[in-house]
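Atoms within a ligand are numbered from 1 in the order they appear, just like the ligands themselves. Computed from a predicted structure; not experimentally measured.
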Amino acid sequence: MLILWLIALVAASPIQQVLNIGKAFNIVDQDDDFHPDIVNKTTLDSWISDQYNVSWINLLKNIGNSSYTQDENLYPGVIVASPSKIMPDYYYQWTRDSALTIRSLIHYLQDNSHDSPFYEEFQLLVEYYIWNNYHLQRLTTKSGDFVTGKTLGEPKFLVNNLPFDLNWGRPQSDGPGLRITSILSFIKLNLDSVTGLNSTFIFNEVIKPDIYYVINNWTNDSFDLWEEINSLHFFTSMVQFKGLLDAWNFISDNNIEIDNVFANEMSTAIANMRKFIQIYYVNDKVNYVLESPKLFPKRSGLDAAVLLGSIHTHDMLDNQLDDLVPFNVDNTYILNHLLYLINDMRARYPINHNLKFTFGEKPHGVGIGRYPEDIYDGYGTTEGNPWFISTATASEMILKYIYKLVNDKQDLIITKSNLEFFKLILNLGDNDLLIVKYDSDDFKNLVNRLLEFSDSFLIIIKNHVDAHGGISEQFNKYHGFMQGARDLTWSYSSLLNAFRWREKIKKLIM
Ligand code: NOJ
Ligand code: NOJ
């Protein structure tokens, strides 16, 4: 059955080209320096320089046909969430994890020149990823089929590209939006395809179905990114909106002809979604964004998903586009969200109790979990723990905030509404409302404090990864040892994203 299916696939679809290319690439420098046995945890910088390489290698091990994978079962471009097959079984490809992970590779292509060590390989892997998604989109799954488009809400697939047929939290409607944004950011690089892809094909066959999915489903409940609650969610709405907006801009920048009905549907959805997001996810009882408003106040609405929703819809590199998406990283409701998550989790997780800034008495960044009410321990349900993804995301969000502050060249105004956040890093009293002039010494001091604050989250990660730089999903809230799925692809990806922003900030403020 499998063999028959394979033959049909090879004969019928453009994936043939992918399979033919095979493992032609092995261009990454594989000497000992590149892959240290033990990561040097002496200082944050020594650790980052080792952990950067280890993270890439371990991430690549989880991608089919990469130079580092030893797993022959992964089809080309398949990104497995974790190699762990039991306790827990994460040996699947999730649409969300893959769309986010592929962004780390695309960032590398954006930031580096063509002769950089990973360049050719990453371009190829992204192209495999696109071909692979072209195939996955067309599978009939428990979420539905391709004709109605419902199958695009399917959250996960087997690594050999067969549908996953057991019960699960489905649909999960963040996938199509995430995928649109990831793939468009690759197309914008305008590279000569090595697998016979072209932008018209990608737009019509891969992006357009996802656009329709978002247009038809954004008002419907779906399971959240943590796969637990069927409702409307900030993260989901944000990435859906961003996907449509990116597609809209791509259409107009490239004079792509679309029919009037489609154009109308898209622009109406974009306008309605923006209004909806701005109203629905805030509530006059609290001054932070709510992740799943229908559950409030039973659930606090505090959730690392909100931070993820903000950073993954604002890439900071295109101000005009970023301004069209609400809730950027400098939004008070987003900054407050980080503040309240920190406060909650400082108290909630015993390993956070004694953390202090090394340079003063101010609170240190803390290990951040998914959300206060979480009881998933990585294997089953007991008590929640801090997660690597969430902690790296806190670091990245602060770095992006610095980037925005410095690039906007605006004075920073500390008022009642953001005072509590700034108390995390500055010695401020309850009535200290001030204007920090752009580029003044105070401004530079503030930027440095923010950078130290962001680093303090990375130091926590450094303390909990294993001696070889291996990273799982969570670290135990009592003793700090890692638990949950080992070598979680998304953990490496989120850490690499934070490293990337740290580099950018260091260059910017040097
Ligand atoms: C429950 C967890 O909370 C959820 O995030 C996870 O995806 C599933 N179990 C499957 O492991
Ligand atoms: C559980 C997480 O909650 C979910 O977001 C993720 O997609 C899967 N694990 C796979 O990593």
Side-chain angles (χ1 to χ4, degrees), residues 55 58-59 61-63 74 78-104 133 136 142-143 153-159 164-179 182 222-231 233-236 238-239 291-292 295 299 303-309 311-312 368-393 470-475 477 482-497:
S55 298
N58 290 353
L59 183 154
K61 283 183 182 165
N62 295 348
I63 304 187
L74 304 180
V78 168
I79 305 178
V80 69
S82 153
S84 175
K85 294 181 184 165
I86 42 163
M87 275 286 281
D89 182 8
Y90 272 38
Y91 194 66
Y92 299 96
Q93 43 175 335
W94 268 264
T95 308
R96 166 184 45 261
D97 296 42
S98 303
L100 289 173
T101 298
I102 208 69
R103 285 188 191 177
S104 295
N133 276 277
L136 295 177
K142 280 201 140 183
S143 292
E154 181 68 1
K156 71 177 201 179
F157 302 87
L158 308 192
V159 300
F164 169 73
D165 275 337
L166 302 180
N167 288 339
W168 204 253
R170 53 167 72 84
Q172 293 178 22
S173 297
D174 55 339
L178 289 168
R179 182 161 51 199
S182 300
S222 77
F223 280 82
D224 64 320
L225 80 171
W226 310 132
E227 314 188 290
E228 296 168 334
I229 300 168
N230 195 19
S231 187
H233 315 281
F234 179 76
F235 177 84
T236 306
M238 286 288 278
V239 301
E291 167 61 10
S292 307
L295 280 79
R299 258 174 69 157
D303 197 315
V306 168
L307 314 186
L308 283 160
I311 63 165
H312 280 295
I368 306 277
R370 297 194 297 185
Y371 53 93
E373 304 82 356
D374 197 4
I375 54 167
Y376 176 56
D377 61 19
Y379 311 107
T381 46
T382 55
E383 296 179 306
N385 293 299
W387 279 46
F388 290 103
I389 296 167
S390 310
T391 308
T393 296
I471 309 184
S472 69
E473 182 182 74
Q474 323 185 359
F475 42 108
K477 69 172 176 180
M482 297 198 299
Q483 65 187 59
R486 75 182 161 92
D487 290 309
L488 188 79
T489 315
W490 188 1
S491 291
Y492 292 117
S493 168
S494 60
L495 188 57
L496 285 165
N497 295 347

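Ranked by closest heavy atom to atom 6 (C) of ligand 1, the top entry among Glu227, Arg370, Glu228, Gln172 is Glu227. Of the listed residues (Phe223, Tyr376, Trp387, Trp94), the one carrying the non-hydrogen atom nearest atom 2 (C) of ligand 2 is Trp387.
Close approach to Asp97 involves these atoms of ligand 2, each under 4.0 Å from a residue heavy atom: 6 (C), 7 (O), 10 (C), 11 (O). Residue Trp490 approaches ligand 2 through these ligand atoms, each under 4.0 Å from one of its heavy atoms: 5 (O). Annotation for ligand 1: atoms under 4.0 Å from non-hydrogen atoms of Trp168 are 10 (C).
Looking at Leu308 and Leu100, their side chains never come closer than 4.5 Å, going by heavy atoms from C-beta outward.
Formation of a donor-acceptor pair under 3.5 Å by the Ser472 side chain with backbone atoms of Gln483 is found in this model. Judged by distance alone, the side chain of Ser222 and the main-chain N or O of Ser173 form a donor-acceptor pair under 3.5 Å. In this structure, the side chain of Arg170 does not engage the main chain of Lys142 through any donor-acceptor pair within 3.5 Å. Side-chain atoms of Thr489 do not come within 3.5 Å of backbone N or O of Leu59 as any donor-acceptor pair.
Both the sub-6.0 Å distance and the 45° axial angle are satisfied by Arg299 relative to the ring of Tyr371.
Atom 1 (C) of ligand 2 has as its closest protein heavy atom Tyr90 OH, 3.5 Å. Scanning the protein for heavy atoms near atom 4 (C) of ligand 1, the closest one is Trp226 O, 3.2 Å. Closest to atom 5 (O) of ligand 2 among all protein heavy atoms lies Leu225 O, 2.6 Å.
Backbone and side-chain nitrogen or oxygen atoms of Ala81 are examined, and none is located within less than 3.5 angstrom of a nitrogen or oxygen of ligand 2.
Residue contacts with ligand 2, taken as heavy atom pairs separated by less than 4.0 Å, do not involve Lys156 at all.
Checking Trp226, Phe475, Trp490 one by one against Trp387, the ring-ring contact (aromatic ring centres under 6.0 Å, His included) holds for a single residue, Trp226.
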